[in-house]
Amino acid sequence: MERLDLTEFSARVQQLREHIATIIVGQQANVDLLLTCILADGHVLLEGVPGVAKTLLARTVSRLIGARFQRIQFTPDLMPSDVIGTTVFNVKTSEFNFHEGPVFSDIVLVDEINRSPAKTQAALFEVMEERQVTVDGITHPMGHLYTILATQNPVEQEGTYQLPEAQLDRFMMKITMGYPELNDEVEILRRHQGNARLVKLENLSPVLTKDELLAMREKLQQIIVDDSLLLYIAQIVEATRTSRAVQLGASPRAAVAMLQASKAFAMLSGRDFVMPDDVKAIAHAVLQHRIILTADAEMQGYTPERVITGLVEKVEVPK
């Protein structure tokens with residue numbers, strides 16, 4: 001089997017990271033997870049308090065891969081038709097024309113997804129899973145790069161609607177964006193103090209084209225995954241179902257997501273084969289939103305992240 005040459009791709013990815021760093025200070029691990037998810041053809045749930053650059057990160061990445069970008073602000077009065085579009089009667093032609101909603105783009109930022117009621121959240125079900133929208137019996141396909149990046153605020157629960165497990169499972173990853181490190185925050189202040197050092201988004205040129213990204217996505221199947229690593233992934237997922245601290249474990253979709261994300265993470269690291277460290281690197285982001293803890297575990301102060309850390313440590317690493 002011919003090995004995959006990732007030399008040029010690795011150089012472009014490094015260039016991509018460097019350009020992102022001119023806009024986003026720190027958050028390198030989260031940037032890598034976001035790029036991994038886009039390469040692996042998955043959707044992302046970004047969680048963090050206001051002001052930690054969730055929206056800015058989404059816009060920056062979109063700009064640097066030359067993708068069309070749309071932002072939808074979810075509110076309690078938002079209707080499904082406001083998201084996916086609606087059919088309008090054209091008086092001149094006496095025909096019904098479909099007017100596309102903002103969900104038709106390459107990368108769609110759904111801001112504060114938990115602000116809208118269930119019927120509006122459900123409007124995203126089909127488009128996230130099937131990459132298409134059906135209105136009045138007519139199916140409208142999305143582009144091949146189509147990715148939803150949704151944000152939610154973990155601290156403000158008043159006026160929000162919790163995402164159902166069925167929708168959470170459709171996100172390949174949940175990325176938690178925390179506060180910057182002290183040195184990173186000093187750098188943020190330094191950049192704002194000297195406005196000349198702030199790089200504007202409109203001045204960024206694409207580093208990687210959509211076609212190049214899609215071509216690399218096609219080559220994911222050439223990434224080598226040993227059978228021992230398939231067993232390793234399956235054992236981690238199974239551990240979430242047998243743990244006493246977990247009421248609802250991860251689904252088979254989670255196992256597939258771990259496999260795809262591991263291959264994408266390896267590719268972004270410049271390798272054409274998956275290592276156990278790749279699986280560990282993406283495990284938390286893929287699993288943390290897919291498990292429900294028991295009431296006892298929550299009362300004892302356990303979190304999904306802490307439980308997953310313990311489960312991954314217990315599973316024997318392939319030699």
Side-chain angles (χ1 to χ4, degrees), residues 28-47 128-129 150 154 163-178 217 220-298 300-319:
Q28 186 57 60
N30 289 332
V31 168
D32 285 345
L33 286 173
L34 179 59
L35 295 177
T36 296
C37 208
I38 293 174
L39 182 59
D41 195 16
H43 305 296
V44 185
L45 181 61
L46 290 168
E47 185 174 88
M128 289 178 71
E129 188 67 21
L163 292 177
E165 283 70 33
Q167 184 154 7
L168 282 172
D169 200 39
R170 283 169 167 78
F171 287 101
M172 176 176 277
M173 288 187 183
K174 175 184 173 183
I175 300 174
T176 304
M177 294 187 67
R217 187 184 279 180
L220 267 184
Q221 298 306 317
Q222 297 179 41
I223 298 295
I224 301 166
V225 186
D226 191 78
D227 283 349
S228 63
L229 285 171
L230 296 180
L231 178 61
Y232 183 51
I233 291 171
Q235 287 175 328
I236 291 174
V237 172
E238 185 183 39
T240 68
R241 302 168 188 162
T242 57
S243 170
R244 291 181 180 178
V246 179
Q247 178 182 331
L248 179 69
S251 68
R253 183 188 281 151
V256 175
M258 285 187 72
L259 173 62
Q260 292 299 103
S262 298
K263 292 194 288 187
F265 194 87
M267 182 181 279
L268 287 169
S269 302
R271 285 180 279 102
D272 68 343
F273 59 92
V274 173
M275 297 169 53
D277 284 349
D278 299 323
V279 178
K280 289 181 179 180
I282 56 87
H284 281 80
V286 174
L287 295 175
Q288 64 176 326
H289 59 295
R290 287 183 158 101
I291 66 172
I292 298 177
L293 302 187
T294 62
D296 286 345
E298 289 185 339
Q300 292 174 35
Y302 283 90
T303 62
E305 296 91 333
R306 181 180 167 187
V307 169
I308 291 165
T309 298
L311 295 177
V312 171
E313 286 177 353
K314 287 180 181 177
V315 178
E316 185 179 354
V317 179
K319 296 293 187 287

For this session: Would you give the length of the straight line joining atom CE of M128 to atom CZ of R170, rounded to the nearest 0.5 angstrom?
Result: 7.5 Å
Exercise. So which pairs with a foot in residues 226-252 pass salt bridge (charged side-chain N to carboxylate O under 4.0 Å, His left out), sequence neighbours left out?
Worked result: none
Problem set entry | Under 3.5 Å: donor-acceptor pair, side chain of T240, backbone of V237 | yes
Problem set entry | L287 to A250 - nearest heavy-atom pair and separation | CD2-CB, 3.8 Å
Exercise. Does any N or O in the side chain of S269 come within less than 3.5 Å of the main-chain N or O of R271, such that one atom is a donor and the other an acceptor?
Worked result: no
For this session: Among residues two or more places apart or on two chains, list those pairs meeting salt bridge (charged side-chain N to carboxylate O under 4.0 Å, His left out) that have a residue in residues 305-315.
Result: none
For this session: Would you mind reporting whether T176 and H284 have side-chain heavy atoms less than 4.5 Å apart?
Result: no
Problem set entry | P304: side chain to side chain contact (heavy atoms under 4.5 Å, CB included) partners, not counting sequence neighbours | Q288, I291, L293
For this session: For A239 and V315, work out which heavy atoms get closest and say how close.
Result: CB-CG2, 4.4 Å
Exercise. Distance from L248 atom CG to T294 atom OG1, nearest 0.5 Å?
Worked result: 12.0 Å
Exercise. What pairs with D41 under salt bridge (charged side-chain N to carboxylate O under 4.0 Å, His left out), at least two apart in sequence or on another chain?
Worked result: R131, R217
Exercise. Only one of D272, L220, D278 clears side chain to side chain contact (heavy atoms under 4.5 Å, CB included) with K263; which?
Worked result: L220
Exercise. Can you list the residues that meet the salt bridge (charged side-chain N to carboxylate O under 4.0 Å, His left out) rule with K280, with sequence neighbours excluded?
Worked result: none
Exercise. Hey, does I236 have a side-chain heavy atom less than 4.5 Å from the side chain of L311?
Worked result: no
For this session: Quick one: pull up CE in M177 and CG in L33 and give me the separation to the nearest 0.5 Å.
Result: 11.0 Å
Problem set entry | Which atom of A264 lies closest to which atom of L39, heavy atoms considered | O-CD2, 3.8 Å
For this session: Assess the side chains of D296 and Q300: does a donor N or O sit below 3.5 Å from an acceptor N or O?
Result: no
For this session: To the nearest 0.5 Å, tell me how far I175 CD1 sits from H289 NE2.
Result: 10.0 Å
Seminar exercise, completed: Residue set satisfying side chain to side chain donor-acceptor pair (under 3.5 Å) with R290, at least two apart, ordered chain then number -> D169
Exercise. Who pairs with E47 by side chain to side chain donor-acceptor pair (under 3.5 Å), at least two apart in sequence or on another chain?
Worked result: Q152, K174
Problem set entry | Minimum-distance pair of heavy atoms, taken over all atoms of M275 and F273 | CG-CE1, 3.6 Å
For this session: Decide yes or no for L268 and D32: does some side-chain heavy atom of the first lie under 4.5 Å from some side-chain heavy atom of the second?
Result: no
For this session: Please round to the nearest 0.5 Å and tell me the distance separating atom CZ of F171 and atom CG of L46.
Result: 9.5 Å
Exercise. How many angstroms lie between atom CD1 of I233 and atom OG of S262, to the nearest 0.5 angstrom?
Worked result: 4.5 Å
Exercise. If you take all heavy atoms of P276 and P318, which pair is closest and at what distance?
Worked result: CG-O, 4.1 Å
Exercise. Side chain to side chain contact (heavy atoms under 4.5 Å, CB included) with A261: which residues, sequence neighbours excluded?
Worked result: T36, M172, M173, I282, V286
Exercise. Among all residues two or more places apart in sequence or in another chain, which pass the side chain to side chain contact (heavy atoms under 4.5 Å, CB included) test with L231?
Worked result: Q235
Seminar exercise, completed: Closest non-hydrogen atoms of V312 and A283, given as atom of the first, atom of the second and distance, are CG2-CB, 4.2 Å
